[in-house]
Amino acid sequence: MSPAASTPAYRRLSVEERRAQLLDAALSLFAHRAPEDVSLDDVAEAAGVSRPLVYRYFPGGKQQLYEAALRSAAEELRHCFDEPHEGPLLPRLARALDRYLRFVDSHDAGFTALLQGGSVVETSRTTAIVDGVRRAAAEHILSHLDVTDPGPRLRMTVRVWITAVEAASLIWLDEDKQPPAEELRDWLVEQFVAVLNVTAARDPQTAALVRALASADG
């Protein structure tokens, strides 16, 4: 066999494939470093391409690339709450939290920069992307609760709990991922039940929901 025959044929990436490659490289960097600490040269080096090529796909520079990476991460986070509507509610919630905490774990120090704001490249667009994840999570949870027309107290309870999950995740990273993820997950599920019970004392809709959940759990 000749040397030419043994050399793999070069394949030019399509526009979609190249863009995905650059986003993957950017996400890998943003996952472990704050956006302001990542340059386009870093992204180009990680992707094995030239800086001009990065600009060709993201002419808006790092801001455009960061927003595109943020949308990709946000979509991944939304999928954390994709859970079949089968079986008891609390195990469903636990499985969603398992996926959420795996995301937090894999993005480690970059979790704040990716989804919690506080970056020098934060804009109204990035804030809207992050808020969209929170709203989507709330809608998923209300759907699992079989609530189609939640009142303000129930909506607030769910959204406050989602905020608590985010805060607990950040503290968990600060505390060197202690307690273990499984314990954190169980505590967050118990906290969800607790805040529902607190709201139930003031809101008939939530009280009826708590009774229904108790009945379903046997």
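The line from CG of Leu142 to CD of Glu139 is 6.0 Å long, rounded to the nearest 0.5 Å. Residue Gln178 holds its CD atom at 12.0 Å from CG of Leu173, rounded to the nearest 0.5 Å. Distance CG/Leu77 to CD/Glu166: 8.5 Å, rounded to 0.5 Å. Annotation: the span from Leu40 atom CG to Leu22 atom CG amounts to 10.0 Å, rounded to 0.5 Å. One distance of note links NZ of Lys62 with CG of Asp42; it measures 8.5 Å at 0.5 Å rounding. Here Asp146 contributes atom CG and Leu89 contributes atom CG; the two are 8.5 Å apart, rounded to the nearest 0.5 Å.
Connection of Met156 to Val210 is not established within any shared hydrophobic cluster, with ILVMFWY side chains joined at heavy-atom distances below 4.5 Å, either directly or through further cluster members. When hydrophobic clusters are built by joining Ile, Leu, Val, Met, Phe, Trp and Tyr residues whose side-chain heavy atoms come closer than 4.5 Å, directly or via intermediates, Leu188 is not grouped with Val160. Each of Ile162 and Val198 belongs to its own hydrophobic cluster when Ile, Leu, Val, Met, Phe, Trp and Tyr are linked at side-chain heavy-atom distances under 4.5 angstrom.
Scanning all heavy atoms of the two residues, the minimum distance from Ala138 to Arg159 falls at CB-CG, 4.1 Å. For the residue pair Val133 and Ala74, the shortest heavy atom distance occurs at CG2-CB, 3.4 Å. Shortest non-hydrogen contact noted between Val193 and Asn197 is O-ND2, 2.8 Å. The two residues Trp172 and Pro179 come nearest to each other via the heavy atoms NE1-O, 2.7 Å. A pairwise comparison of heavy atoms in Ala69 and Ala26 identifies CB-CB, 4.5 Å as the closest pair. Closest of all the heavy-atom pairs between Ala68 and Arg19 is CB-NH2, 3.9 Å.
In this structure, the side chains of Glu182 and Asp98 stay at 4.5 Å or more apart for every pair of heavy atoms. Contact check for Leu65 versus Leu23: side-chain heavy atoms found under the 4.5 Å cut-off.
Judged as a salt bridge (Lys or Arg N to Asp or Glu O under 4.0 Å), the pairs with a partner in residues 48-60 (not counting sequence neighbours) are, in order, Asp41-Arg51.
Using a distance-only test at 3.5 Å, with no hydrogens or angles considered, no donor-acceptor pair links the side chain of Arg185 to the main chain of Leu97. Listed for the Ser28 side chain is no donor-acceptor partner under 3.5 Å among the backbone atoms of Ala25. In this structure, the side chain of Ser215 does not engage the main chain of Arg211 through any donor-acceptor pair within 3.5 Å. Glu17 places a side-chain N or O within 3.5 Å of a backbone atom of Ser14 that can act as its donor or acceptor partner. Gln21 contributes a side-chain N or O that, together with a main-chain N or O of Ala47, makes up a donor-acceptor pair within less than 3.5 Å.
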### Message
Does Lys177 form a side chain to side chain contact (heavy atoms under 4.5 Å, CB included) with Leu184? I'd like the steps, not just the answer.
### Response
CA-CA 9 Å; Lys177 301 177 183 177; Leu184 178 59; over 6 Å; no
### Task
For Leu145 and Leu213, run side chain to side chain contact (heavy atoms under 4.5 Å, CB included): C-alpha distance rounded to whole Å, both residues' side-chain angles, the deciding distance at 0.1 Å, then the answer.
CA-CA 9 Å; Leu145 291 172; Leu213 290 177; 4.2 Å; yes
### Task
May I have the step-by-step check of side chain to side chain contact (heavy atoms under 4.5 Å, CB included) for Tyr57 and Val15, ending in yes or no?
CA-CA 9 Å; Tyr57 282 83; Val15 171; 3.9 Å; yes
### Query
Stepwise, does the side chain to side chain contact (heavy atoms under 4.5 Å, CB included) test hold for Val158 with Val195?
CA-CA 9 Å; Val158 171; Val195 295; over 6 Å; no
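For Asp174, there are no side-chain contact (heavy atoms from CB on, under 4.5 Å) partners two or more places apart in sequence or in a different chain. The ring pair (Phe, Tyr, Trp, His ring centres under 6.0 Å) test applied to Phe192 returns Trp161, not counting sequence neighbours. Scored by the side-chain contact (heavy atoms from CB on, under 4.5 Å) test, Glu175 finds Ile171 as partners (sequence neighbours excluded). Remark: His144 engages His85 in a ring pair (Phe, Tyr, Trp, His ring centres under 6.0 Å) (not counting sequence neighbours). Not a single side-chain hydrogen bond (donor to acceptor under 3.5 Å, both in side chains) links Thr163 to another residue, sequence neighbours left out. Residues satisfying the side-chain hydrogen bond (donor to acceptor under 3.5 Å, both in side chains) test with Asp131, not counting sequence neighbours, are Arg135. For Arg95, the salt bridge (Lys or Arg N to Asp or Glu O under 4.0 Å) partners are Glu83, not counting sequence neighbours. Among residues two or more places apart in sequence or in another chain, the side-chain contact (heavy atoms from CB on, under 4.5 Å) test is passed with Thr199 by Arg153, Thr157, Asp203, Thr206. Under the side-chain hydrogen bond (donor to acceptor under 3.5 Å, both in side chains) criterion, Glu45 pairs with no residue, sequence neighbours left out. Applying the side-chain contact (heavy atoms from CB on, under 4.5 Å) criterion to Ala136, with sequence neighbours excluded, gives Arg78. Scored by the side-chain hydrogen bond (donor to acceptor under 3.5 Å, both in side chains) test, Asp186 finds no partners at all (sequence neighbours excluded).
The existence of a salt bridge linking Arg92 and Glu86 is excluded, since no basic side-chain nitrogen approaches an acidic carboxylate oxygen closer than 4.0 Å.
Side-chain polar atoms of Glu67 and Gln63 form a donor-acceptor pair below 3.5 angstrom.
Aromatic ring pairs are classed by plane angle as parallel below 30°, tilted from 30° to 60° and perpendicular above 60°; the pair Phe81 and His140 is parallel.
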